[in-house]
Amino acid sequence: MIDFQELSDRISIYKKQIKSCHYVGEIGLDEDELPSFSAAIMKNEIELGREDYEVAVLVLAVNIAYYFYDDEGYWQHFQKLTGIENTNMIGRTIERTLRRYGLLSVQRYGPFRYVGAILEQCGISRKYIPSFTFILKELKRVFRGDRLLELKYSDIIGFLKEFYCAKYLKEFLLDEEGATLTLQVLKIIKMYEDGLIDKKELTALDGYRPGFWDEVLKNFSVVPKERKTDVFYNKPAMRLDLSGHVLELIFPSQSFVDGMEDRERFSYPVTKLDNAFNLQEKYYGKVARTDGQTLYWEIQGWTPQGLPALFDGNKRVMVPANHTILPGMYYLLAPAAYFVPEENVVSFLGELNLSLNEKYYIYKLALNYGDKLSHIKIASKTETPSVYLQFKNPVRYLFPFYIGQIDIFVGEMPDVEVSDFGPIDNNTVGLFYDFGKIKGRIRNKGDLHSLKGRIANNLPLKGKIWTEVIVRNSSERIQRVSSELLFYVIPHIKIKGIDQFCGYGINPIVHIEKSAGLKLILDGAVVKGNEYKFPAQSRMIEGKIIIDDDTIDFQIPLKRAGILDESGRVLRYMERSEMAGKKFLFSGPPETDVHLHLQNSRVTSFNLDKKGKAIVKGESLQPVSNEKNLIYSLYVHIGGESFPLGCWIIDSDGIFSTPKITETEGTEGALKAFLEIVSSIKRGPLKQKVIVNKKLPEITERFNKKLRELFSCAQIFDETVFVVEDEVEDFRETLEDGPLKSILDAYSMGEWTQSLDSYYILLPNVGRWFSKVERHVKNLSPEGLHEIITEWTGEVNSHRIVGLTSSLGKQNFGQALTHAWVSYQRNNLVDALTRLNDITDECQGKIDFLSKLLKLIIYVRQARFRQAKVLINSMTQEQGEMTDLQLLLVSLVNTLNDEIITTDQNRWHKDNAKSILEILPLTQEDFTFLAGYHTYLCNGDLSIITNRSEDWLNLCLTIYLLDDESQFAAGISPSLEELIVNIPSSPEKGVIVERVNKRLRKG
């Protein structure tokens, strides 16, 4: 039994505890001492002072609620234990006492008025803890991962209204205090599960009844484990652009834009929202991460409906409408009718750039506790003091090329400034950090200082430092914007060279010093050590930094200047002879004086407009008339800095007509590479393969045309093989039809063309090529043609089929032709025809004629006269010496097809057919046959043929030439029967035999 003195002592202790605790439920009594404590109060009610009595009843009532509140409610358990019937009086006493000590956070009304106040102090009763933890599990299941940390009071109320549980538990949880308790318990369990707070710290948290967390963990079955969710998700954000007075949407990477609906309306990295059409209440989409997962994101937007919008004073990112605002600097966006207190206005910045009938204006504000703004909630001093965080001098550490809302620091994290360490020291507010694999709680300033060292040893990383109210406190219901720091820290990186001008015709080069642990991707860069070379057209370096599963896109603007044509295309080369009368566009930094130089002498000066443009006349860029250089480089002087534009004025006619090029110094890239090849070709023949790494550059049309002509000539005259991008390129196919192509075709085919008369004008100025063409022209004379054929005939007669040195043998298909004639001489006619068939129909000139000549001789020798007729009719008309031989063959084939043509004998006396026959590699039999026929045509004497009756072909030809009155008609009859036996098998043998038999019948 508790006596008066013991009761008084205990009440004195309780009064001190109430003054320092957050909830009366923190004063815990054992269940078995409740009856004796209740009896002592009732017995000594009169002796106790009013305050002592009320404190004792309050502690008793809250403990009764913890142990006994269940589906039967509260008051019957209270009455049974205390014997007090007047519960309204007790309720008023409890409410009055809570108000006296500042513990009544909500003034309730209705039937739940007093029980609600008691349960607010108690928390969850012991009997309902299993049901409460079940509700927590369901909330955790429905709102997975970090979504739990974003739950609001309205989310909890909406969930509980639809959730089936005990009536009296539901009444408490739907109460504002019950819903707030549920939210906070969920968050603390999440921190415990993530390893941010341990069990010892959990059970020592203020505001909870002793043993509460033991019961929750026992029923929840939660254990700390490796967290699978990310530290934070970098998302787009709405931001206020102060320079343009416009709203904008900023994206961490292009992939966020790609995953949006109507993505064509948005652009990376910034989309200007200057049209009301692009303003939305929410922006959302999805993004594929490097770990293969798809992140669905959503951010709050803003639509102008007469309501204000508030933006953070540092990053100018929009503050969500449901956040309570803490003291600091902000930007306010408000319509004209909105009242803005003058005492809060730091400056008026002007009108928002937005296509809307209603005008909005931008203000810079300084806000403090208790300030009032319509539709914006600002924290008051009466609320629990918040601990808010900020970086000290963050600009010093920032990676300057990233414009997203999340800071990227280089090398180390800046110092963190904490507004008030008191709540952290007294365990009211927890200061936590999460860097993925490294996470925990900061308990004092020493922990905060040592944290920087842990970060430096684990780069790169993404991190979050934040405060969380860990004490159970009914007045802490605000969502804060200044209590969380999100950031990346990357290893050392230093980028040099981006502050220097670079002409548009030059490949920009930057030097990057970086730690090996930094995953850096720079689009289009060619990397050599620390040197990064970018395409000449680059006006921006676009890169990516990979941190964990995040891809951070960034852009580095380059200082560029150059000359463009009227269509805006960058010019690297200009033809000196084509500049007069043209206008060019110079592009560079806006409103800047520009001085253009040609080599070492100034050419012209002008000023760029607000867009960084100026029109330049072609005449002002031309070298003076007495300048004889073939190549000039343009330089520019801007703001004390001189640099080459990477633009050259060239004289293509001079480059290709001069015997020797000496002005390659100062050139670079494609121009230098091709000038070196041109110089090499002019110096001497390049018989080996010439490797060209890429297609012909776009220098000038004139230069490219002459370069193709030069390469085509090198192919023909020097037998140079050009390999472009691993494939052999025939530049002759790229030539337009014209005199030069006609010369090259004629030379390659051993033919004559009228253009050869002007070769010294049409060919590039290369002496050895002139000499070869001169020899070619000479060879087309009778003496020259005989020399060519005689040289080749010598190789055939010696049966040489490889290592040919004759001009015919070295031509395309020359070896195949030679091999076919060798097989013919060896009487291997099948092989000869096979090789002749391998010679393409596209082959022309002497090779084509000699291949068809041999094929025709074989057809005639095989008694295939009609096939010979088809072939002779398909042959093109030969020129010069070969014309006579071709006409001889036409006459022969027509005669063998019984189409005798009357010819002028004087004409055959004057031709050169026989002299050609004498130097061809014919067999003796075929030479005798063809030469005899030619003699017959010259004098009409048939005996030259009939006297060679040992050859069946002579006898056959005689039959076709012989008339019945001829003196030779009777003399050949004895040989005709032998002729029939010797005619080769062919489709036409029957016709020939019938002709022979007809002659025999006449004889």
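Values below: every heavy atom of this structure, side chains too, minus hydrogens, waters and symmetry copies. As the structure is a prediction and not an experimental result, all values here were calculated from the model.
- Once rounded to the nearest 0.5 Å, the distance linking CG of Asn827 with CZ of Arg861 reads 9.5 Å.
- For Glu791, there are no salt bridge (Lys or Arg N to Asp or Glu O under 4.0 Å) partners at least two apart in sequence or on another chain.
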Check your understanding: Which is it for Ser712 and Leu744 under the side-chain contact (heavy atoms from CB on, under 4.5 Å) test, yes or no, and what are the steps along the way?
Key -> CA-CA 8 Å; Ser712 298; Leu744 297 180; 3.8 Å; yes

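- Gln924 meets the side-chain contact (heavy atoms from CB on, under 4.5 Å) test with Phe927, Thr928; sequence neighbours excluded.
- Between Ile847 and Gly814, the shortest heavy-atom distance links the atoms CD1-CA, 3.9 Å.
- Under the side-chain contact (heavy atoms from CB on, under 4.5 Å) criterion, Ser874 pairs with Leu871, not counting sequence neighbours.
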Point to revise | Worked check of side-chain contact (heavy atoms from CB on, under 4.5 Å) between Asn873 and Val890 | key: CA-CA 8 Å; Asn873 288 340; Val890 169; over 6 Å; no

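- Between Asn982 and Asp951 the shortest side-chain heavy-atom distance does not fall below 4.5 Å.
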Point to revise | Step-by-step side-chain contact (heavy atoms from CB on, under 4.5 Å) determination, Leu850 to Leu920 | key: CA-CA 9 Å; Leu850 291 173; Leu920 285 173; 3.8 Å; yes

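- The aromatic rings of Phe711 and Phe722 lie parallel to each other, their planes meeting at an angle below 30°, with 60° marking the opposite boundary.
- Here Ser851 contributes atom OG and Ile839 contributes atom CD1; the two are 4.5 Å apart, rounded to the nearest 0.5 Å.
- If you take CD on Glu733 and CD on Gln715, they are separated by 8.5 Å, rounding to the nearest 0.5 Å.
- Residues forming a ring pair (Phe, Tyr, Trp, His ring centres under 6.0 Å) with Tyr824 (at least two apart in sequence, or on another chain): Trp821.
- Contact annotation: the side chain of Leu922 approaches that of Leu930 to within less than 4.5 Å [non-hydrogen atoms, C-beta and beyond].
- Contact check on Lys869 versus Glu899 returns a salt bridge, with a Lys/Arg side-chain nitrogen under 4.0 Å from an Asp/Glu carboxylate oxygen.
- Contact check on Asp745 versus Arg732 returns a salt bridge, with a Lys/Arg side-chain nitrogen under 4.0 Å from an Asp/Glu carboxylate oxygen.
- The side-chain heavy atoms of Val570 and Asp565, taken from C-beta on, include no pair separated by under 4.5 Å.
- For Arg864, the salt bridge (Lys or Arg N to Asp or Glu O under 4.0 Å) test picks out no residue, with sequence neighbours left out.
- In this structure, His934 NE2 and Leu887 CG are separated by 10.0 Å, a value rounded to the nearest 0.5 Å.
- Among residues two or more places apart in sequence or in another chain, the side-chain contact (heavy atoms from CB on, under 4.5 Å) test is passed with Glu575 by Ser577, Glu578, Ile650, Ser652, Thr700, Arg702, Phe703.
- Thr818 approaches Gly809 most closely through the heavy-atom pair OG1-CA, 4.4 Å.
- Side chains of Arg683 and Ser680: a donor-acceptor N/O pair is present below 3.5 angstrom, by distance only.
- A distance of 10.0 Å separates OG of Ser986 from CD of Gln867, quoted to the nearest 0.5 Å.
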Practice item. Report the C-alpha separation of Lys705 and Glu736 in whole Å, then their side-chain angles, then the decisive distance to 0.1 Å, and conclude whether the salt bridge (charged side-chain N to carboxylate O under 4.0 Å, His left out) test is met. Key: CA-CA 9 Å; Lys705 177 177 180 293; Glu736 298 176 357; 5.8 Å; no

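- Residues in residues 759-771 take part in these salt bridge (charged side-chain N to carboxylate O under 4.0 Å, His left out) pairs, two or more places apart or across chains: Asp718-Arg768.
- Considering only residues two or more places apart in sequence or on other chains, Cys647 meets the side-chain contact (heavy atoms from CB on, under 4.5 Å) condition with Met574, Leu634, Leu645.
- Residues Tyr933 and Thr895 approach most closely at OH-OG1, 3.1 Å, considering heavy atoms.
- Residues Asn765 and Lys682 approach most closely at O-NZ, 3.8 Å, considering heavy atoms.
- Aromatic rings from Tyr747 and Phe717 are positioned such that their centres are separated by under 6.0 Å.
- Within the structure, salt bridge (charged side-chain N to carboxylate O under 4.0 Å, His left out) pairs that include any residue of residues 799-816 comprise Glu795-Arg800 (at least two apart or interchain).
- Across all non-hydrogen atoms, the minimal contact from Ile699 to Asn704 is N-OD1, 3.7 Å.
- Under a 4.0 Å N-O distance rule, the pair Glu918/Lys914 does not qualify as a salt bridge.
- Between the SG atom of Cys956 and the CD1 atom of Ile992 there is a distance of 4.5 Å, given to the nearest 0.5 Å.
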Point to revise | side-chain contact (heavy atoms from CB on, under 4.5 Å) between Tyr632 and Arg576, intermediate numbers included | key: CA-CA 9 Å; Tyr632 300 87; Arg576 178 176 178 173; 3.2 Å; yes

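- Judged purely by distance below 3.5 Å, without hydrogens or angles, the side chains of Asp831 and Thr834 never pair a donor atom with an acceptor atom.
- For Lys706, the salt bridge (Lys or Arg N to Asp or Glu O under 4.0 Å) test picks out Asp653, with sequence neighbours left out.
- Shown here are the side-chain hydrogen bond (donor to acceptor under 3.5 Å, both in side chains) partners of Arg866, two or more places apart in sequence or in another chain: there are none.
- Applying the salt bridge (Lys or Arg N to Asp or Glu O under 4.0 Å) criterion to Lys852, with sequence neighbours excluded, gives Asp848.
- Between Pro764 and Cys713 the shortest heavy-atom distance is CD-SG, 3.7 Å.
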